[in-house]
Chemist: 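My questions all concern the structure below.
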Amino acid sequence: MREKVRTRFAPSPTGMMHVGNLRTALFEYLIAKSAGGDFILRIEDTDRERYVEGALDIIYRTLDMVGLKHDEGPDLGGGYGPYVQSERKDLYRKYAEQLVSEGKAYRCFCTKERLESLHESKEENGGGYDRHCRNLSAEEVGRLLAAGTPYVIRQKMPIEGSTTFDDVVYGPITIENRELEDQILLKSDGYPTYNFANVIDDHLMKITHVVRGSEYLSSTPKYNLLYEAFGWDVPTYVHLPLIMGKNADGSVSKLSKRHGSTGFHDLIEEGYLSRAIVNYIALLGWCPKDNRELFTLEELVENFSIDGISKSPAVFDYDKLLWFNGEIIRAMPREEFLENAMPYFRQLFPQGDYSWDVLAGVLQPRVTKFSDIPGMIGFLKELPDYPVDDYINKKSKTNLENSVAMLKSAIAKLEELGDWTMEPIHDTLMGLAQELGVKNGTLLWPVRIAAAGTKVTPGGAIEILCFLGKEEALRRLNVGLEKLNKESV
RNA sequence: GGCCCGUUGGUCAAGUGGUUAAGACACCGCCCUUUCACGGCGGUAACACGCGUUCAAAUCGCGUACGGGUCACCA
């Protein structure tokens, strides 16, 4: 029997949820769930200086919004807790000491100043730590310890040979051991480094697939050497291609704040739906066998396959995200659309009853972001000041003269209309066009211009009149007529 | 700079030795139409380069170029 797949999302509580992190979380979730496995949440808060208050809430809230339900975590517990690294502090020390006693790691008493100067002279020594404390005598170590000298614990890396590991997406990767420095396992404050805590926890929590961005590719041999030092089985590595952002000068680099809204909540605030974000980022670096594009999270789980992950970096494209957003909006049941749109409707019409369903019907096929709604329907709240030339339209065969006639007849007919709803308005106007012997456009163009006060509108004359209500609609038509008359004088 | 990884249209990408090199976004055009969208139809546009292997290379190998990542008591 194969062991159960277990993946983990291990964010640091340092602030926002970046889409890169979210994409990693998504893939970790998909890899676990598509194999019937478990998805674990672990908080990596070993850097006390970068800890941000409230960051934990953002993590929970984001996972909840996108629907990535974890099976174990700080809030849920589980058989392998605690799930917060700061609560596991003593554990790491124990393992680090074990390596020291086995001669696989050593205490390093070098000061930060010394390390810095080493860093500055990297040209000559090839960079990195010079292993100064690697062979300190036991007496010397004892003396320094007795004097209370601060120290870190470093792993002894092999000086010769090379380390090879297999990555599921990138294949075998080999790095010469001389490229690896004696990495710090335990910091002088007693906290483990990310690399160390990661290995200990992944092993202890029985993580089977280590999934992360490809920026970790070149440090993975260090992890392997650590597993080796403990005699533990190495997990399956799945490195994901990076998500890139386009820079102002046209170049690309790892997606970050400077590329605009790259935090999950930033995108939400901008009007992108979490479903669209999930759908889109799933396709950044992964492609299903059948090339399908529209997926719910559940469908992603059903269709996910690790071999569809690609190696090359993908540029984050807001246009495509927007397209997904629009697709999802158009596919919504009308009630759901209305529910999402209502807050924006209310932004313009704080109170009162309007034909919301008419408005929704007009907007749903046109909206790509809910946050665009106020800008799209501002003309409904207040008649914009528009140039008379707007009445001239070649295709509809309208000009300043016939527009006057059209408006006059329309006003006359509409004034008699009792039931101010779509059907009657539609029938009245269509009937009128026929009666006048003009094409629909010739009548409807001026009516729409007068009703809306702008050339481009979501929806047509009928919907606009209907939403406006009889009184306001007629008022606007008369305003239009006046405007035209004034011009012709 | 060293090391690691990558390179199919502007972007996301399918492709696994023989294809007219898919599809999607964006863009353009036409149709539909009451403007704008939606929808339908169509179009522009790509295998970084060189050398090998092979009857045959986008697919395999090597090199070059370009791009990216990484070189912390950060994760």
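Values below: all heavy atoms of this structure, side chains included; hydrogens, waters and symmetry mates excluded. Letters A, B, ... are given to chains in the order of the sequence lines, protein chains preceding strands, and every chain is numbered from 1.
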Chemist: Of the nucleotides B:C4, B:A75, B:G69, which has the atom closest to the A:S12 side chain?
Modeler: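 That would be B:A75.
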Chemist: Measuring only the C1' atom in each nucleotide, how far is B:G10 from B:U44? A whole number of Å is fine.
Modeler: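 Between the two C1' atoms, the distance is 12 Å.
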Chemist: So, A:T149 versus A:R107: side-chain donor-acceptor pair below 3.5 Å or not?
Modeler: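 No, no side-chain donor-acceptor pair sits under 3.5 Å.
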Chemist: Taking for each residue the nucleotide of RNA chain B with the nearest heavy atom, is it A:I184 or A:R448 whose nucleotide lies nearer the 5' end?
Modeler: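 Comparing both residues, the 5'-ward one is A:R448.
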Chemist: More 5' along RNA chain B: A:E176 or A:R330, using each one's nearest nucleotide?
Modeler: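 Result of the comparison: A:E176.
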Chemist: Answer yes if the side chains of A:Y391 and A:Y386 hold a donor-acceptor pair under 3.5 Å, and no otherwise.
Modeler: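 A:Y386 and A:Y391 do have a side-chain donor-acceptor pair below 3.5 Å.
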Chemist: Please report the distance, rounded to the nearest Å, between CG in A:D166 and P in B:C5.
Modeler: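 In whole Å, B:C5 P and A:D166 CG are 12 Å from each other.
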Chemist: Think A:K369 forms a cation-pi with A:Y272, using NZ or CZ under 6.0 Å from the six-ring centre and within 45 degrees of its axis?
Modeler: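 Yes, cation above the ring, under 6.0 Å and within 45°.
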Chemist: Distance check, C1' atoms only: B:U33 and B:A48, in whole angstrom units.
Modeler: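 One C1' to the other, the span is 46 Å.
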Chemist: Of all the choices, B:U70, B:U33, B:C38, which nucleotide is nearest to the side chain of A:K395 once you look at every atom?
Modeler: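 Out of B:U70, B:U33, B:C38, the nucleotide with an atom closest to A:K395's side chain is B:U33.
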Chemist: How many Å lie between CG on A:L294 and P on B:G23, as a whole number?
Modeler: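 The answer, rounded to whole Å, is 18 Å.
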Chemist: When only distance counts, do a donor and an acceptor, one from the side chain of A:T457 and one from the base of B:U35, lie under 3.5 Å apart?
Modeler: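 Looking at the base of B:U35, it does pair with a donor or acceptor on the side chain of A:T457 (distance under 3.5 Å).
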Chemist: A:E113 has an atom CD; how far is it from atom C1' of B:A72, in whole Å?
Modeler: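 That distance rounds to 15 Å.
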Chemist: Pairs under 3.5 angstrom, nitrogen or oxygen only, protein versus nucleotides 9-15 of chain B, please.
Modeler:
{"from": "B:C12", "atom 1": "OP1", "to": "A:V315", "atom 2": "N", "distance (Å)": "3.0"}
{"from": "B:C12", "atom 1": "O2'", "to": "A:L283", "atom 2": "O", "distance (Å)": "3.3"}
{"from": "B:A13", "atom 1": "OP1", "to": "A:G285", "atom 2": "N", "distance (Å)": "2.6"}

Chemist: Hey, are A:D202 and A:R8 close enough for a salt bridge, meaning a charged N less than 4.0 Å from a carboxylate O?
Modeler: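 Salt bridge: yes.
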Chemist: Quick one: does A:S214 reach the base of B:C5 with a side-chain donor-acceptor pair under 3.5 Å?
Modeler: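 Flag unset: no donor-acceptor pair detected.
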Chemist: May I ask you to check if A:R212 and A:Y223 form a cation-pi contact, with NZ or CZ under 6.0 angstrom from the six-membered ring centre and within 45° of the axis?
Modeler: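 Relative to the ring axis of A:Y223, which defines the angle, A:R212 lies inside both limits.
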Chemist: Rounding to an integer number of angstrom, what distance separates B:A58 and B:G15 when you compare their C1' atoms?
Modeler: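 8 Å, rounded to whole Å.
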Chemist: How far, in whole Å, is B:G29 from B:A37 if one measures between their P atoms?
Modeler: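 Between the two P atoms, the distance is 11 Å.
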Chemist: Given ring pair (Phe, Tyr, Trp, His ring centres under 6.0 Å), test A:F304 with A:F27 step by step and report yes or no.
Modeler: CA-CA 9 Å; A:F304 192 80; A:F27 279 46; 5.6 Å; yes
Chemist: Considering non-hydrogen atoms only, spot the tightest contact between A:F165 and A:N224 and give its length.
Modeler: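 In this case the closest contact between A:F165 and A:N224 is CB-ND2, 3.2 Å.
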Chemist: Sort out for me which residue in A:D45, A:D47, A:T46 forms a side-chain hydrogen bond (donor to acceptor under 3.5 Å, both in side chains) with A:S86.
Modeler: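 Only one option passes, and that is A:D45.
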Chemist: What is the distance, to the nearest angstrom, from the CD atom on A:Q155 to the C1' atom on B:C73?
Modeler: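 Going from CD in A:Q155 over to C1' in B:C73 covers 16 Å.
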Chemist: With sugar-phosphate meaning primed atoms plus P, OP1 and OP2, does A:I462 contact a base, only sugar-phosphate, or nothing at under 4.0 Å between heavy atoms?
Modeler: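 Touches a base.
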Chemist: Rounded to whole Å, how long is the line connecting atom CG of A:L180 with atom C1' of B:C4?
Modeler: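 Rounded to whole Å, this separation is 11 Å.
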Chemist: Which part of the nucleic acid, if any, lies within contact of A:K455, taking any heavy atom under 4.0 Å across all strands shown: a base, the sugar-phosphate backbone alone, or nothing?
Modeler: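 The answer is base, as A:K455 lies within the cut-off (heavy atoms under 4.0 Å) of a base atom.
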Chemist: Could you tell me how far B:U19 sits from B:U59 if I compare only their C1' atoms? Round to whole Å.
Modeler: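 The same atom, C1', in both gives a distance of 12 Å.
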Chemist: In whole angstrom, give me the gap between the C1' atoms of B:U8 and B:U16.
Modeler: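 Pairwise C1' distance, B:U8 against B:U16, rounds to 14 Å.
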Chemist: Taking both distances under 3.5 Å as the test for a Watson-Crick or G-U pair, what stems of at least three pairs does RNA chain B have?
Modeler: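 Consecutive-pair runs (3 or more) involving RNA chain B: B:1-7 with B:65-71, B:10-12 with B:23-25, B:27-31 with B:39-43, B:48-52 with B:60-64.
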Chemist: Using side-chain hydrogen bond (donor to acceptor under 3.5 Å, both in side chains) as the criterion, point out the one residue from A:R334, A:R330, A:E336 that pairs with A:Q364.
Modeler: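 Of the listed options, the one satisfying the test is A:R334.
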Chemist: Taking the six-membered ring for Trp, are A:Y318 and A:F316 parallel (under 30°), tilted (30 to 60°) or perpendicular (over 60°)?
Modeler: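 Perpendicular: the ring planes of A:Y318 and A:F316 meet at over 60°.
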Chemist: Judged by modelled atom types alone, do A:D201 and A:Y92 share a side-chain donor-acceptor pair under 3.5 Å?
Modeler: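 Their side chains do contain a donor-acceptor pair, which is all the 3.5 Å distance test asks for.
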Chemist: Give the rounded distance in Å between these two atoms: CG of A:D182 and P of B:C71.
Modeler: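 That distance rounds to 16 Å.
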Chemist: In whole angstrom, give me the gap between the P atoms of B:U53 and B:C47.
Modeler: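 It works out to 24 Å between them.
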Chemist: Given the P atoms of B:C31 and B:C49, what is the spacing between them in whole Å?
Modeler: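 The answer is 39 Å between these two P atoms.
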